[in-house]
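Accompanying notes for the structure given below.
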Amino acid sequence: MGSSLSALNIIPNPMSLTVSGDMFVLSDLVDIYVRPATDEVTNIGRYLAGRLSPSAGFEISVLEAADIPPDENIHLILAEADPGLGEEGYILTITPQRVTLMAYRPAGLFRGCQTIRQLLPPSIERATAQPGSWTLPTLTIRDYPRFEWRGAMLDVARHFFSVDDVKRYIDLLAYYKMNRLHLHLTDDQGWRIMIDAWPNLAAHGGSTQVGGGPGGYYTQADYADIAAYAQSRYIMVIPEIDMPGHTHAALASYASLTCDGAAPPLYTGTEVGFSSLCVGKNETLAFVGDVVREIAALTPGPYIHIGGDEALSTEEAEYRQFIEQVQAVVEAQGKHMIGWEEIAKADLQPGSVVQHWRNGEPAKSAAQQGNRVIMSPAFRIYLDMKYDETTPLGLSWAGYIDVKTAYDWDPASQVEGMPESSILGIEAPLWSETLETISDIEYMAFPRLPGYAEIGWSPLSGKDWEAYKRRLAAHGARWDAMHVNFHRAASIAWEE
Ligand code: TNX
């Protein structure tokens, strides 16, 4: 085993790491001991066993730790003694005798499990028994994230993606310690979540997609299943209902929502900015109330994203009034509102969050009013932008984003005059106008997504493109093992 940090290839780069040059052998005698053996800690132990057992080719049991824990095992320990690790931090100590993972909170144990996975050979990620000697380098890692919000957004509206596709994306996010999945559930081309009070939204509004395919929608049980799966990976799902623009699918489903009382045909193109709810109409407010109430009931987390972007067909004063009304409805449900940067035109409650995507001004003014900002600058972090002019999928309105452009920036110096304390974190949106399958999603997300995970997690002081590039090169073999369809960017010396 190498003894330098770069030889270990962990992404995101841990905050501190000391390697001691020996190894721990993961033999068929190894079990996972958990302490305390609560359901939650036991489940994390089972999750780790489930990642290692199939490829290692032997059973790994999850057991309750005795007072004097046995050697030659992996220990997961929830320790109340180190609050400095925060919600997601962990300490991993590997000696020739044992692997000890300690965290202040269960989420920290879960993040630390990803580090253990990445310390093992890539073939550990295969689904069937592999030949191999499974060793871990002896080391000490103390690690916790720089930003609280390390997210990805998936547009399931332009093209619909199945529950299984979304779960696969969740697992890939988890592997890089990301902790937020924002689902863009509605847009002009499709409404993807059943609302019981307005069933035609999904039944009709969800019946097609860009290009005219069959579309689809999530039942409320599907959605709850996604949210629970994400929660088991310590990932918060943020539902987005985009309003007042990007609402053509809703207008096509209910004539009563339109100003002229006539429902238009469904739309399967890719234009933006042409639709608007009929702001001020009683029916519209009833719709907002019902939708937000049902979505809030399905949402374990504290946030509901209400879109608010590109409302080019909504009059400015009406836009502001509408956003403030929606904000009041969201707050009345006990949640906080998130919206794209345009919502900064409205009078925001202190708990509302602004998602920067294009211009500096709205983010800055929101920060000056005391609101927190999620950084999603399109020309750096839009996963739907092509890598270069040869990329077969994606768009290019915000430019090409190669692997280096994606990695080599700091969220805190994007918007002049905005303090780092206003930044909740970062989020990488993936709009799906050109994406039809999970394989398309993977191609756009990999290899750029791990760079965003590192920007969100790792301290700025250790940031170094050349070193990152070498660590990233080693992940190609991991994606091969996971059957991830990734873009073999020529700038990276992929290892076999
Ligand atoms: C802009 S980013 C949009 C989306 C498009 C995307 C394509 C934002 C808030 N709105 O409606 O899908 O560009 O890159």
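Remember, it's 1-based here, ligands and their atoms both numbered in the order they're listed.
- Within ligand 1, the atoms closer than 4.0 Å to a non-hydrogen atom of W340 are 9 (C), numbered from 1 in the order shown.
- Of the heavy atoms in L395, only side-chain atoms (C-beta onward) come closer than 4.0 Å to ligand 1.
- With a 4.0 Å heavy-atom cut-off, ligand 1 is reached by the side chain of H246 but not by its N, CA, C or O.
- The protein heavy atom nearest to atom 11 (O) of ligand 1 is R158 NH2, 2.9 Å.
- Aromatic ring orientation, W465 versus Y407: tilted (interplanar angle from 30° to 60°).
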field: Steps toward side-chain hydrogen bond (donor to acceptor under 3.5 Å, both in side chains) verdict (E427, W357)
entry: CA-CA 10 Å; E427 192 176 289; W357 64 282; over 6 Å; no

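- The aromatic rings of F486 and W479 sit perpendicular to each other, their planes meeting at more than 60°, with 30° as the lower class boundary.
- Smallest separation of non-hydrogen atoms from Q333 and A296: CB-CB, 3.8 Å.
- Note on ring orientation: taking the six-membered ring where Trp is involved, the planes of Y443 and Y387 are perpendicular (angle over 60°, cut-offs 30° and 60°).
- For atom 3 (C) of ligand 1, the nearest non-hydrogen atom of the protein is E310 OE1, 3.3 Å.
- For ligand 1 and M385, the ligand atoms under 4.0 Å from any heavy atom of the residue are 14 (O).
- Residue E341 places no heavy atom under 4.0 Å from ligand 1.
- Scanning all protein heavy atoms for the shortest distance to atom 9 (C) of ligand 1 gives D309 OD2, 3.1 Å.
- Relative ring orientation between Y254 and W198 is described as perpendicular, the plane-to-plane angle rising above 60° on a 0-90° scale split at 30° and 60°.
- Atoms of ligand 1 lying under 4.0 Å from any heavy atom of E433, numbered from 1 in the order shown and given with element: 5 (C), 7 (C), 12 (O).
- Remark: ligand 1 atoms within the under-4.0 Å shell around heavy atoms of D384 are 7 (C), 14 (O).
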- prompt: Step by step, would you call N13 with S458 a side-chain hydrogen bond (donor to acceptor under 3.5 Å, both in side chains)?
  reply: CA-CA 6 Å; N13 206 8; S458 306; 5.5 Å; no

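- The aromatic rings of W149 and Y303 sit perpendicular, their planes meeting at an angle over 60°, well past the 30° parallel limit.
- Among W431, W357, Y382, the residue whose heavy atom lies nearest to atom 4 (C) of ligand 1 is W431.
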